[in-house]
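These notes concern the structure reproduced below.
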Amino acid sequence: MSREIVVDVNRDQIRLAVLEERELSEIYVEKINNERVVGNIYKGKVANVLPGMQAAFIDIGLGKNAFLYAGDINLNFEASAPEDEELIEGLKKVSIKDMLKIGQDVLVQVVKEPIGTKGARVSTNITIPGRYVVLMPTVDYVGISRRIEKDDERNRLKSLAESIRPPHMGVIVRTIAEGIGKDELKADIDFLKKQWEDILQRQKKCASPKLVYKDMNLISRIVRDLFTPEISRFYINSSYEYEKVQEMLSVISPTLKERVVFYRGQEEIFEYFNIESEIDRALQRKVWLQCGGYIVIDRTEALTAIDVNTGKFVGSVNLEDTVLKTNLEAAREIARQLRLRDIGGIIIIDFIDMTSPEHQKMVLSTLAEELKKDRTRAHILGLTQLGLVEITRKKVRQSLDEVLEKTCPYCEGRGRILSEDTVAKKVERELDRVFRERKGEAVLLEVHPTVASVVIGSGGNRLSQMESRYEKYIYIKGNDSLHPEEIRIKAVGTKAKLENLAMPVREGQIMDVVIEEVHVSNTSDGIARVDGYIIDVEEAAGLIGEKVRVEIYKTFRTYARARLI
């Protein structure tokens, strides 16, 4: 499989894409001055201990205290204070209030970055990643990457790691170490051990809270973690970062230097590789499949739901064959979208119903095989009684939509807003309240222009009915800056005073308007709107969608008449 890395460096951010067969599979975005905290090690101070939650909050010098769960505390390492030595026996029975005290210093590493209102999650199980191994100085353990599948190679690497790792320290041998000899592994471990010794020295000399180790920036991390011999090309559009990558490779993997390409094209690098359109697609709720089917991805606070549909795909054999082909393609696309969007947590997939157990097995097998390409661990928990597929995927950073998007100011994250008809009904209820509580013969209110049109009604019919019901004058003014659900009472008073405030146009005024539709009764006229206020333009029915210049020659409370100039 052809794999490439494309890096776009601009003034304020770095974007990095991983392509498989020239198709986007992973995307990373990091602001150049961003305070990324995952992987950083801090000397923190215990701010609060919550026995009921078996957790503690640690002040690490950020805006919000970090969250430390009892299961992430390594007492063998943390039990440095004399009063803690008795607690090492029977660790599982110890309450967190016996593990940590308020005001106690503790060395922690951020394992999950702050998301939304939640602070960072930290652990005392420190890990320091290198090129070939990850050093775990607080545990005594040797692990081999699950991506190294050959038993002989796994045994060889485990034996090597056991022989060269520091006493009472653990290591995890990374995938890239496959085929690597003892000298390279030992050099990597020795370098990481020196880093750990430096961290311990710094934390002894500083007061908490304090950063004692900062992880690499995005490009350096990708070179260290992803730039393996499987990557055929590494494209980058910054000469400065290109030189830094070359320097880093000179130390960790000189043979890969010739695969780094400085992109000099006139076209933006992400445009050239067709990545921008793929990013846009990754932010869409609906993703079309090549067969004509589609998947729908909906994010909630608790889980992500993915629905599979046949869409325009009707097949050519029979229904079962059509369903199977759609589900198989959907399984491959879903695995890709999970990686691309970096969706974590609980994921529920509603594949199209399959009656054949063999077909179900084929779809689950395809999904499992595709998920093996994912560096983030994911588990398929199987089919529920309702035929839904459950997956869990580790979440360690913000998903793509959380990085690139913000909560909609209109719907505030609901994904839907009230219809114009519903808001128009709310206007009537608001008028009921206003006329009960305040004196005056007229009221002026502002709403969004789309709502104003509904409240006024065709030819002002709905507004006239409301005025008859309340025996009051009602002035409606459209305001583009308002939320479509907002109703703003501007004034209550006399008819004469409010009429001057409400009219957006005046007789004799010349202005440019866009003809939106044909007049319902005068079919030769066209309708334009100014802040929801209707302009009846004579002889403009044939100019739909065009901007025209008109003169206002007559105004009424709900509309005005105009002629073309």
Side-chain angles (χ1 to χ4, degrees), residues 1 3 18 20-21 23-27 71 111-112 115 143-151 154 172 174-175 226 230 282 285-291 293-311 313 320-402:
M1 177 190 293
R3 300 186 75 215
V18 179
E20 294 179 354
E21 302 295 344
E23 186 176 61
L24 183 64
S25 62
E26 296 178 39
I27 183 78
V111 295
K112 192 173 181 180
I115 297 176
I144 308 295
S145 167
R146 61 190 172 98
R147 292 173 178 265
I148 300 176
E149 297 179 348
K150 295 178 182 178
D151 289 339
R154 293 179 67 86
I172 295 176
R174 309 184 74 169
T175 308
L226 277 186
E230 294 177 352
R285 178 173 175 261
K286 181 185 288 187
V287 179
W288 287 96
L289 306 174
Q290 290 185 354
C291 69
Y294 63 89
I295 62 175
V296 177
I297 303 173
D298 284 314
R299 301 277 311 279
T300 73
E301 191 75 21
L303 54 83
T304 298
I306 303 176
D307 186 39
V308 181
N309 297 277
T310 53
F313 182 51
E320 286 192 3
D321 180 72
T322 301
V323 168
L324 177 62
K325 286 182 178 178
T326 305
N327 282 340
L328 286 173
E329 187 177 340
R332 289 187 284 270
E333 185 62 29
I334 287 168
R336 175 174 169 265
Q337 291 293 329
L338 294 182
R339 291 174 63 197
L340 179 54
R341 300 176 187 231
D342 204 9
I343 297 172
I346 301 170
I347 301 151
I348 303 295
I349 306 173
D350 185 10
F351 285 106
I352 305 168
D353 289 342
M354 295 171 286
T355 56
S356 168
E358 182 182 350
H359 287 180
Q360 292 177 0
K361 186 176 180 181
M362 288 173 64
V363 171
L364 289 178
S365 176
T366 299
L367 182 61
E369 194 64 30
E370 292 296 317
L371 287 174
K372 286 182 180 179
K373 301 175 183 177
D374 195 346
R375 291 197 309 138
T376 302
R377 188 181 296 272
H379 294 287
I380 300 176
L381 305 179
L383 283 166
T384 68
Q385 291 182 336
L386 295 175
L388 305 175
V389 176
E390 291 182 331
I391 299 177
T392 60
R393 186 174 183 272
K394 189 175 181 182
K395 184 176 179 68
V396 295
R397 64 189 178 105
Q398 289 181 307
S399 59
L400 184 64
D401 61 346
E402 290 171 324

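In this text the structure is predicted, and so the values were computed from the model without any measurement.
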Is there a donor-acceptor pair closer than 3.5 Å between any side-chain N or O of [X] and the backbone N or O of [Y]?
X: Glu329; Y: Gln290; answer: yes
X: Glu333; Y: Leu289; answer: no
X: Asn309; Y: Gly311; answer: no
X: Thr304; Y: Ile347; answer: no
X: Asn327; Y: Ile352; answer: yes
X: Arg154; Y: Ile148; answer: yes

Assess the residue pair Val389 and Ile306 against the criterion (side-chain contact (heavy atoms from CB on, under 4.5 Å)); give the C-alpha distance rounded to whole Å, side-chain angles, the decisive distance to 0.1 Å, and a yes or no. CA-CA 10 Å; Val389 176; Ile306 303 176; over 6 Å; no
Can [X] and [Y] be counted as an ion pair, charged N to O under 4.0 angstrom?
X: Arg336; Y: Glu20; result: no
X: Arg339; Y: Glu26; result: yes
X: Glu369; Y: Lys372; result: yes

When you look at Thr384 and Glu390, which way does the side-chain hydrogen bond (donor to acceptor under 3.5 Å, both in side chains) test go after all the steps? CA-CA 7 Å; Thr384 68; Glu390 291 182 331; 5.8 Å; no
Determine the minimum heavy-atom distance between [X] and [Y], stating which atoms define it.
X: Gly293; Y: Trp288; value: O-CE3, 3.4 Å
X: Asp374; Y: Arg393; value: OD2-NE, 2.7 Å
X: Ile295; Y: Ile334; value: CD1-CG1, 3.9 Å
X: Thr175; Y: Ser145; value: OG1-OG, 2.6 Å
X: Ala282; Y: Gln337; value: CA-OE1, 4.2 Å
X: Arg375; Y: Arg147; value: N-NH2, 3.0 Å

Please determine whether side-chain contact (heavy atoms from CB on, under 4.5 Å) holds for the pair Asp307 and Asp350, giving the CA-CA distance in whole Å, both sets of side-chain angles, and the decisive distance to 0.1 Å. CA-CA 5 Å; Asp307 186 39; Asp350 185 10; 3.5 Å; yes
Any side-chain heavy atom of Val323 within less than 4.5 Å of one from Thr355?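 Val323 vs Thr355: side chains apart.
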Heavy atoms, side chains only, cut-off 4.5 Å: are Ile391 and Leu367 in contact? yes
To the closest 0.5 Å, what do you measure between [atom1] ([X]) and [atom2] ([Y])?
X: Leu338; Y: Lys373; atom1: CG; atom2: NZ; answer: 13.0 Å
X: Leu328; Y: Glu370; atom1: CG; atom2: CD; answer: 10.5 Å
X: Ile144; Y: Glu149; atom1: CD1; atom2: CD; answer: 14.0 Å
X: Leu381; Y: Ile348; atom1: CG; atom2: CD1; answer: 8.0 Å

Crowded around Glu301 CD? As in, over 12 foreign heavy atoms under 6.0 Å?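 Count not over threshold, so no.
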Does Arg341 form a side-chain contact (heavy atoms from CB on, under 4.5 Å) with Arg299? I'd like the steps, not just the answer. CA-CA 11 Å; Arg341 300 176 187 231; Arg299 301 277 311 279; over 6 Å; no
